[in-house]
Number of protein chains: 2
Amino acid sequence: MYTIKEVAEKLDISEHTLRFWAKSGFFPFLTRDKNNFRLFSDEDLGWVRIVKCLRKVGTDNKSIKRYIDLCLVGDSTIAERYNIIKSTKKKALDEMDELKEQLKMLDYKENYYKNLIKNHLQDEWNPLNNMKKEKQAS
Amino acid sequence: MYTIKEVAEKLDISEHTLRFWAKSGFFPFLTRDKNNFRLFSDEDLGWVRIVKCLRKVGTDNKSIKRYIDLCLVGDSTIAERYNIIKSTKKKALDEMDELKEQLKMLDYKENYYKNLIKNHLQDEWNPLNNMKKEKQAS
DNA sequence: TGTTGACTGATAGTTACTCTCAAGTAGTAA
DNA sequence: TTACTACTTGAGAGTAACTATCAGTCAACA
């Protein structure tokens, strides 16, 4: 069994967020010790992990609660949960594509700046430099 | 020149967000037409793209403003901008790794549910089923 | 016995949007 | 000329998901 602090460190989630998630009903089987401190079992860690996963991919908290509640209903909701996971996976893959796209831009900018520095050039993209050039031309 | 609506469609960003970003000083050279409507030039689109890129990777708005302001200062800030882009790129790559990690979990869950459905099995991970089994055993 | 440290819930604050709304302007139809 | 539609504006309220602060409880240790 783990304290909230241990879980926070183990899964890299702040204690605040864990309490917030707990209050949101994301950890339905969480127990307390005699001091009313939260006690996370390995099973509870499983719930934390799936919530973390869904959040990382951009699922909102209402939808996460819905998924948790479906789990609690039992086996009759397996098909629906399967669909949620599938569409979540699709969202994650779209996120990846988007990130790759942005990385291209960052790569370009990185090389652009690197080249400017190496060759002591001016930033041709900066409108301020273009203004200066126009001034010089006039 | 593009209207805010056109930019919103072109770059898949809401008009609200574009106005919010504009008010935040992210588009320093934005002009207006005779009706005070915002007019985006191709150069302005460049600013929108870099802001979108930085946000996608999780840069907060204060840091974005800082990057924009460095651009406005001119060539003396190229080294600093280069460093910002480099660390942003690192963050993006970390994000990718994290997403890949979460995709593993989603893959696992997907296969798990798929198998349950195909073979008409019970969800062994669901604590409710374990409780039922314990009940049966007693 | 006093202090330190972990934890609690309640509540306030923050970020980055997101939505609503009244008002201005332009173009077209009647 | 008037009505209607479509687009845009700024101001300001609302929202999601944290994030921080704080007073209070409890156990362990000096």
Side-chain angles (χ1 to χ4, degrees), chain A residues 1-27 30-41 44-45 47-69 88 91-92 95 98 102, chain B residues 1-27 30-41 44-45 47-69 88 91-92 95 98 102:
Chain A
M1 302 294 253
Y2 312 91
T3 66
I4 196 165
K5 190 180 192 178
E6 287 166 342
V7 177
E9 279 169 15
K10 211 175 159 71
L11 302 187
D12 196 30
I13 302 164
S14 83
E15 297 181 34
H16 286 305
T17 300
L18 284 171
R19 287 202 194 91
F20 177 75
W21 286 355
K23 205 165 66 177
S24 305
F26 291 175
F27 314 137
L30 204 57
T31 55
R32 305 280 184 134
D33 72 4
K34 62 187 189 317
N35 295 321
N36 198 35
F37 292 4
R38 274 170 268 256
L39 270 185
F40 290 77
S41 67
D44 292 322
L45 287 199
W47 292 94
V48 180
R49 280 203 189 85
I50 181 70
V51 170
K52 180 182 177 179
C53 171
L54 292 172
R55 281 298 298 127
K56 274 281 168 193
V57 172
T59 312
D60 64 36
N61 287 358
K62 199 182 271 183
S63 309
I64 291 177
K65 186 59 168 55
R66 170 150 183 74
Y67 176 78
I68 305 281
D69 287 345
T88 304
K91 257 180 33 181
E95 262 310 293
E98 181 68 45
Q102 303 307 340
Chain B
M1 304 294 252
Y2 311 89
T3 65
I4 197 166
K5 190 178 193 179
E6 287 165 342
V7 178
E9 281 169 15
K10 211 173 159 72
L11 301 188
D12 196 29
I13 301 163
S14 83
E15 297 179 35
H16 286 305
T17 300
L18 284 171
R19 287 201 195 92
F20 177 75
W21 286 355
K23 205 165 67 180
S24 304
F26 291 174
F27 314 137
L30 204 57
T31 55
R32 305 279 185 134
D33 72 4
K34 61 186 192 315
N35 295 321
N36 197 35
F37 292 3
R38 274 171 267 257
L39 270 186
F40 291 77
S41 68
D44 292 322
L45 287 200
W47 292 94
V48 180
R49 282 205 187 85
I50 182 70
V51 170
K52 180 182 177 180
C53 172
L54 292 171
R55 280 300 295 127
K56 273 281 167 192
V57 172
T59 312
D60 64 37
N61 287 356
K62 199 183 272 181
S63 308
I64 291 177
K65 186 59 168 55
R66 171 151 182 73
Y67 175 78
I68 304 281
D69 287 345
T88 303
K91 258 181 30 182
E95 263 309 294
E98 180 67 46
Q102 303 308 340

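The shown structure was predicted, so the numbers you read here are calculated from the model rather than taken from an experiment. Order of the sequence lines sets the chain letters (A, B, ...), proteins ahead of strands, with each chain counted from 1.
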Quiz item: Considering only side-chain heavy atoms of A/Lys5, which listed nucleotide, C/dA6, C/dT18, C/dT8, is closest?
Solution: C/dA6
Exercise. Look at the side chain of A/Asn61 and decide which nucleotide, out of C/dT18, C/dT8, D/dA17, has an atom nearest to it.
Key: D/dA17
Quiz item: Just how far, in rounded Å, is C1' of D/dT19 from CD of A/Glu15?
Solution: 13 Å
Practice problem: Can you tell me the distance, in whole Å, between the CG atom of B/Asp33 and the C1' atom of C/dG24? | Solution: 12 Å
Exercise. Quick one: closest heavy-atom pair of B/Ala22 and B/Arg38, and the distance?
Key: CB-NH1, 4.1 Å
Practice problem: May I have the distance from B/Lys23 (atom NZ) to C/dC19 (atom C1'), rounded to whole angstrom? | Solution: 13 Å
Self-check item: Contact nearer the 5' end of DNA chain D, comparing A/Phe26 with A/Phe37
Solution: A/Phe26
Quiz prompt | Phosphate-side-chain proximity, B/Thr3 and D/dT8, N/O vs OP1/OP2 below 4.0 Å | solution = yes
Exercise. Taking B/Asn35 for its side chain and B/Phe37 for its backbone only, find out whether a donor-acceptor pair lies under 3.5 Å.
Key: no
Practice problem: For C/dC17, take OP1 and OP2 only and decide whether either is under 4.0 Å from a side-chain N or O of B/Arg55. | Solution: yes
Exercise. When you get a sec, tell me which of C/dC17, C/dG9, D/dC18 is the closest nucleotide to the side chain of A/Arg32?
Key: C/dG9
Quiz item: Closest to the A/Asp60 side chain: D/dT8, C/dC7, D/dA17?
Solution: D/dA17
Quiz prompt | Minimum-distance nucleotide (side-chain atoms of B/Phe20 versus D/dT19, C/dA16, C/dT8) | solution = C/dA16
Quiz prompt | Residue pair A/Val48 / A/Trp21: nearest heavy atoms and the distance that separates them | solution = O-CZ3, 4.4 Å
Quiz prompt | Per A/Asn36 side chain, nearest of listed nucleotides C/dT8, C/dA26, D/dT8 | solution = C/dT8
Practice problem: Provide, to the nearest angstrom, the distance between the NZ atom belonging to A/Lys62 and the P atom belonging to D/dT15. | Solution: 10 Å
Quiz prompt | Heavy-atom pair with the smallest gap, counting every atom of A/Ile4 and A/Leu18 | solution = O-CD1, 3.7 Å
Quiz prompt | Distance in angstrom units between B/Leu18 CG and D/dT9 P, rounded | solution = 10 Å
Exercise. Determine: side-chain N/O of B/Trp21 to OP1/OP2 of C/dC17, distance under 4.0 Å, yes or no.
Key: yes
Practice problem: From the options C/dG9, D/dA20, D/dG10, select the nucleotide whose nearest atom is closest to the side chain of A/Arg38. | Solution: C/dG9
Quiz item: Whole-Å distance between C/dC7 P and A/Tyr2 OH?
Solution: 15 Å
Quiz item: Want to settle it: does B/Lys34 or B/Thr59 sit nearer the 5' end of DNA chain C, counting the closest nucleotide to each?
Solution: B/Thr59
Quiz prompt | Lys/Arg-Asp/Glu bridge criterion (N-O < 4.0 Å) met for B/Glu95, B/Lys91 | solution = no
Self-check item: Minimal non-hydrogen separation, A/Phe26 against A/Lys65, with atom names
Solution: CE2-N, 3.8 Å
Quiz prompt | Nearest-angstrom distance from the residue atom CD1 of A/Ile13 to C1' of D/dT19 | solution = 15 Å
Self-check item: Closest to the B/Thr17 side chain, choosing from D/dT21, D/dA27, C/dC17
Solution: C/dC17
Quiz item: Out of D/dA20, D/dG10, C/dT25, which nucleotide sits closest to the side chain of B/Asn35?
Solution: C/dT25
Exercise. Using atom CZ of A/Arg19 as one end and atom C1' of C/dT8 as the other, report the distance to the nearest whole Å.
Key: 7 Å
